[in-house]
Amino acid sequence: MSATKTARLIRFAMIAAAATSLTACGAASRIADIGKAPELSTIQDPQAKPGYQPVSLPMPTPLPTERNPNSLWRNGSKAFFKDQRANKVGDILTINISIDDSAKVANSSKRSRANSEDAGMPSLFGLEAGTLSRVLPAGASAANLVDLTSNSSNDGKGSVDRNEQIDLKVAALVTQSLPNGNLVIQGRQEVRVNFEVRDLQIHGVIRPEDITAQNTISYEKIAEARISYGGRGQISDVQQPRYGQQLYDIIMPF
């Protein structure tokens, strides 16, 4: 067996072994869930999850609070009357997500180049062309010993046509209050329809001033926003390639 065939068999054996190990990891749970709807995740304290890290961002120097005697107004207050908008850890607010994004880019490039080189050797170390002709093979000419030509061309075209539209709402929980008053929020919503679960997650940092009187905020006012909208279930399983195919595409993309 040739070295090429041996290397190919070894590569396929490695892919098969890795695919078998990946399948074994989740095969038992997937088989146990056959005929059942996907389970919803339990509600958990975000700060109690493994790997949770509080958000740390540059903060301005805190200003001392001054209280004026016989005055209902406190310096630094943002409102005269207290409202019901979220302002501390544990409060809930509604996030309006309305994404209507589109992008269209097209470009093309074309390049061509042709080179030609012709070199002769009429004399070499005192030997004239007639003497060289006797030394060179039959049919060779000392006046035209080297003739080089090269041609290169490149024609590239690329285009991007993307259109995304998402319109939904989700309630988020204030998980942290930063020293400058900004709030860290985290929200998750799961909806199960038959055998498919749609999962919406959002994280970010907001300013209390951007929260409306209805205790809502728009997604574009969320700093460091992380929005995830996907699903899991029978439809998602059918749409995804098998583990072996995914591994094969990573190892041998071409």
Side-chain angles (χ1 to χ4, degrees), residues 19 22-55 84-86 89-105 160-176 182-208 210-250:
L22 289 175
T23 305
C25 295
S29 60
R30 292 170 64 89
I31 293 175
D33 291 337
I34 292 177
K36 297 192 301 183
E39 295 292 336
L40 297 179
S41 301
T42 57
I43 300 175
Q44 299 179 359
D45 182 3
Q47 296 184 359
K49 292 182 178 179
Y52 174 81
Q53 294 182 354
V55 176
Q84 300 300 317
R85 294 181 294 180
V89 176
D91 288 349
I92 297 176
L93 73 158
T94 301
I95 301 175
N96 297 324
I97 302 175
S98 181
I99 301 176
D100 190 359
D101 187 16
S102 62
K104 189 172 184 179
V105 179
V160 176
D161 191 356
R162 178 174 55 86
N163 190 1
E164 300 173 353
Q165 186 172 0
I166 300 176
D167 190 3
L168 45 85
K169 298 180 180 180
V170 60
L173 184 70
V174 178
T175 59
Q176 187 181 350
N182 290 342
L183 304 175
V184 181
I185 61 172
Q186 176 176 334
R188 183 170 184 176
Q189 182 184 88
E190 293 184 357
V191 180
R192 184 176 67 193
V193 180
N194 295 333
F195 291 90
E196 187 73 13
V197 174
R198 308 308 297 172
D199 190 358
L200 171 63
Q201 300 184 38
I202 184 167
H203 307 263
V205 180
I206 64 172
R207 298 190 312 165
D210 293 331
I211 303 176
T212 65
Q214 291 76 29
N215 198 33
T216 62
I217 188 171
S218 184
Y219 81 99
E220 72 270 7
K221 297 181 180 179
I222 302 176
E224 296 296 324
R226 304 292 186 269
I227 302 175
S228 174
Y229 184 61
R232 63 182 187 275
Q234 293 182 353
I235 298 177
S236 300
D237 289 343
V238 173
Q239 292 177 341
Q240 295 295 327
R242 294 302 178 188
Y243 295 145
Q245 182 63 43
Q246 295 182 36
L247 182 62
Y248 180 83
D249 293 339
I250 294 175

Is any side-chain heavy atom of I202 closer than 4.5 Å to a side-chain heavy atom of I222? yes
Working to the nearest 0.5 angstrom, can you tell me the gap between N96 CG and E220 CD? 9.0 Å
What is the minimum heavy-atom distance between I92 and A171, and which atoms define it? CG2-CB, 4.0 Å
Can D199 and Q201 be counted as having a side-chain donor-acceptor contact under 3.5 angstrom? yes
Nearest heavy atoms of A86 and I211, plus distance in Å: O-CD1, 3.4 Å
Pairwise side-chain contact, I227 with I166, heavy-atom cut-off 4.5 Å (strictly under): no
Going by heavy atoms in the side chains, are Q47 and Q186 under 4.5 Å from each other? no
Shortest non-hydrogen contact between R85 and N215, atoms and distance: CA-OD1, 3.5 Å
Quick one: are L168 and Y229 in side-chain contact, heavy atoms under 4.5 Å? yes
Under 3.5 Å: donor-acceptor pair, side chain of Q176, backbone of P54: no
Hey, does the side chain of T94 reach the backbone of T216 with a donor-acceptor pair shorter than 3.5 angstrom? no
Heavy-atom count around K104 NZ within 6.0 Å, excluding the residue itself: above 12? no
Quick check: closest heavy atoms across G90 and L173, and the distance to 0.1 Å? O-CD1, 3.2 Å
Could you measure the distance from the CG atom of D210 to the CG atom of L93? Nearest 0.5 Å is fine. 11.0 Å
Could R198 and E196 be called an ion pair, given the rule that one side-chain N must be under 4.0 Å from one carboxylate O? yes
Atom pair CD (Q189) and CD1 (I97), whose distance is rounded to the nearest 0.5 Å: 8.5 Å
From CD1 (I95) to OH (Y219), nearest 0.5 Å: 12.5 Å
